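These notes are about the structure you will find just below.
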Number of protein chains: 2
Amino acid sequence: MKINKEDITVFVIDDEYVIRDSLTLLIEGTGLTVKSFDSAISFLDQLNTSIPACIVGDIRMPYMDGLELQEQLVIKKCDMPIIFMSGHADISISATAFRAGAVDFIEKPFEPKFLLQRLNECVEKIILDWPETQEKNRLNECYSHLTPREKEVFLLTVNNHSNKQAAKKLGISNRTVDVHRAHTMEKMQADSLNTLIIMAVKMGLL
Amino acid sequence: MKINKEDITVFVIDDEYVIRDSLTLLIEGTGLTVKSFDSAISFLDQLNTSIPACIVGDIRMPYMDGLELQEQLVIKKCDMPIIFMSGHADISISATAFRAGAVDFIEKPFEPKFLLQRLNECVEKIILDWPETQEKNRLNECYSHLTPREKEVFLLTVNNHSNKQAAKKLGISNRTVDVHRAHTMEKMQADSLNTLIIMAVKMGLL
DNA sequence: TAAAGTATTCGCATAATTACCTAGGTATGA
DNA sequence: TCATACCTAGGTAATTATGCGAATACTTTA
């Protein structure tokens, strides 16, 4: 499922309303959707991790700074790319941000064009990665609907156990394992064992 | 195949011999092996991409600077991690380096302890990733020994074709596909179809 | 040039796996 | 208590995989 620039939301987070407003105008001018927040906390409150989006935020903010925001996103398993801005440039801080996964770091003040160019690179990457991201989301959604026993069977299956071996390991009949696996494949919408294994790999289970 | 700190080489690249020598002493003191170079060019000349190593280098050097070195490594498909140092700190340059894949960026002058700590993080990651890196190398080696037909069968197999389907697609009997696949599995040292698929994923074929 | 080796191709028979139909026992919650 | 979901299992038919044997063509080497 491909997406376009128009489908991407840019979350602008800055405690200064002047910056928020001008950034919003600037970015909206390129066709992107913008939602702005005056703090990382209010942003996190409404966070929906399942839409294609990225963040443009100040690294230095009251209550919760950019690095703390990053930590929260990691905790929420949200890999939304972040572009940081900072008026108090410091290599040490920028290095920390990058090591924590920031995709870019821009010094204030900056040329509008400069930000737009960086933002565009980021957006292009989101568009490119989105199909895979979606697939992962779908797989995890399917996986969450498996019963505990089905998950056990699933893991044994993709870890190279024939149903007979799995049955022995679980102490149940091989027929029962078949049933669980059949259910698993149905729920995961896998048309074959191979597909199931590939799914497991994509979900990081292998 | 696990490795230890002692198995890792740190390539120190700096045009100032004072820095090279003091860094060498400093880093060797932690048990790591150090090889130093006065330019990126002399480093690239002797580069062996198949050993566990990382680079500690100045970003600003005559002839070839750190960013160009990074480009060269990408061209050589060498993913050796780089820690940059710079005495002329500039967020813009550090951001460029990070976006190009640098793992760290340190401002000169720095506390020896500071560098060692960052270097250690880097080394720990290398140790952690090494088994997987080795496995990838092994798989690619095995894969290169497959005959053209075997590669075809391999790709069809891991892409969810039963041997019957693959046979139809290739216009040959299903028995022949079986033979090719058996050979493939032997050459790849895969004990099952599952393993073969996992290998394909690891090699980035899926 | 002849021999050796490798790659590619199959058939047949057997073993293993999977699909499908059916169905009972056990929790958990409305 | 009834409904729902989960775990369990046997038997048979169909599909698939595997082991053994062997022919043809092309490349390399002695």
Side-chain angles (χ1 to χ4, degrees), chain A residues 135 137-203 205-206, chain B residues 137-206:
Chain A
E135 176 69 358
N137 289 341
R138 189 185 72 78
L139 292 179
N140 283 312
E141 169 69 15
C142 289
Y143 186 73
S144 71
H145 289 143
L146 296 183
T147 67
R149 203 56 158 173
E150 282 165 352
K151 284 183 186 175
E152 281 186 283
V153 171
F154 178 81
L155 290 176
L156 286 172
T157 300
V158 298
N159 275 294
N160 213 0
H161 290 68
S162 67
N163 55 4
K164 195 177 278 187
Q165 291 174 305
K168 194 174 178 184
K169 206 153 198 168
L170 294 174
I172 57 180
S173 98
N174 57 347
R175 182 63 193 85
T176 305
V177 174
D178 277 348
V179 174
H180 287 314
R181 205 176 62 185
H183 284 166
T184 300
M185 287 181 52
E186 194 182 345
K187 286 183 182 175
M188 296 299 291
Q189 296 170 38
D191 59 340
S192 74
L193 208 53
N194 297 23
T195 309
L196 205 61
I197 297 169
I198 294 170
M199 286 175 169
V201 174
K202 285 185 179 170
M203 283 190 290
L205 298 177
L206 286 179
Chain B
N137 290 340
R138 188 184 74 78
L139 291 179
N140 283 312
E141 170 69 12
C142 290
Y143 186 72
S144 71
H145 289 144
L146 296 183
T147 68
R149 203 54 155 175
E150 283 165 354
K151 284 183 185 174
E152 282 186 283
V153 171
F154 179 82
L155 289 176
L156 286 172
T157 299
V158 298
N159 274 294
N160 212 0
H161 290 69
S162 67
N163 54 3
K164 193 177 279 186
Q165 292 174 304
K168 195 175 178 184
K169 207 154 197 166
L170 295 174
I172 57 180
S173 98
N174 58 345
R175 184 65 193 81
T176 305
V177 174
D178 279 347
V179 174
H180 287 315
R181 202 176 66 184
H183 285 166
T184 300
M185 286 182 53
E186 194 181 344
K187 286 183 182 175
M188 297 298 292
Q189 297 171 37
D191 59 340
S192 73
L193 206 54
N194 297 25
T195 310
L196 204 63
I197 297 172
I198 294 169
M199 286 175 170
V201 174
K202 284 184 180 171
M203 284 189 290
L205 297 177
L206 285 178

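The structure displayed is predicted, hence computed values, not measured ones. Below, each value reflects all heavy atoms present in this structure, side chains not excepted, and no hydrogens, waters or symmetry copies. In what follows, chains carry the letters A, B, and so on, assigned in the order in which the sequence lines appear, proteins first and then strands, with residues in each chain numbered from 1.
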N/O donor-acceptor pair under 3.5 Å between B/Asn140 side chain and B/Met203 backbone: no
5'-most by nearest nucleotide on DNA chain C - B/Asn174 or B/His145: B/His145
Sugar-phosphate only, base, or nothing, as touched by A/Thr176 at under 4.0 Å among non-hydrogen atoms: base
Touch class at under 4.0 angstrom, heavy-atom based, for B/Leu193 against every strand present: nothing
Heavy-atom pair of closest approach, residues B/Arg138 and B/Met199: NH2-CE, 3.8 Å
Rounded distance in Å - CZ (B/Arg175) to C1' (D/dA17): 9 Å
Closest non-hydrogen atom pair between B/Thr157 and A/Asn194, with its separation: O-ND2, 3.0 Å
Between P of D/dG19 and NE2 of B/His183, the distance in whole Å: 12 Å
Atom-to-atom span, CG of A/Leu146 to C1' of D/dC7 - whole angstrom: 14 Å
Minimum-distance nucleotide (side-chain atoms of B/Ser173 versus C/dT17, C/dC10, D/dA9): C/dC10
Atom-pair distance (CD on B/Glu150; C1' on C/dT6), nearest Å: 10 Å
Nucleotide nearest A/Thr147 when distance is taken to its side chain, options D/dC7, C/dA7, D/dG10: D/dC7
Sugar-phosphate, base or nothing in reach of B/Arg149, heavy atoms under 4.0 Å: sugar-phosphate
Nearest-Å distance for atom pair NE2/P, residues A/His161 and C/dA16: 18 Å
Donor-acceptor pair, side chain of A/Lys202 and main chain of A/Glu135, under 3.5 angstrom: no
Name of the residue among B/His161, B/Gln165, B/Arg149 meeting side-chain contact (heavy atoms from CB on, under 4.5 Å) with B/Leu170: B/Arg149
From D/dA9, D/dT18, D/dC7, nucleotide with atom closest to B/Asp178 side chain: D/dT18
Residue-phosphate contact under 4.0 Å: B/His180 side-chain N/O, C/dA7 OP1/OP2: no
Length of the line joining A/Ile172:CD1 and C/dG25:C1', which is rounded to integer Å: 15 Å
Distance in angstrom units between A/Gln165 CD and C/dA16 P, rounded: 13 Å
Length of the line joining B/Lys164:NZ and D/dA14:P, which is rounded to integer Å: 13 Å
Sugar-phosphate only, base, or nothing, as touched by A/Asn163 at under 4.0 Å among non-hydrogen atoms: sugar-phosphate
Closest to side chain of A/Arg181, choosing from D/dG11, D/dC6, C/dT18: C/dT18
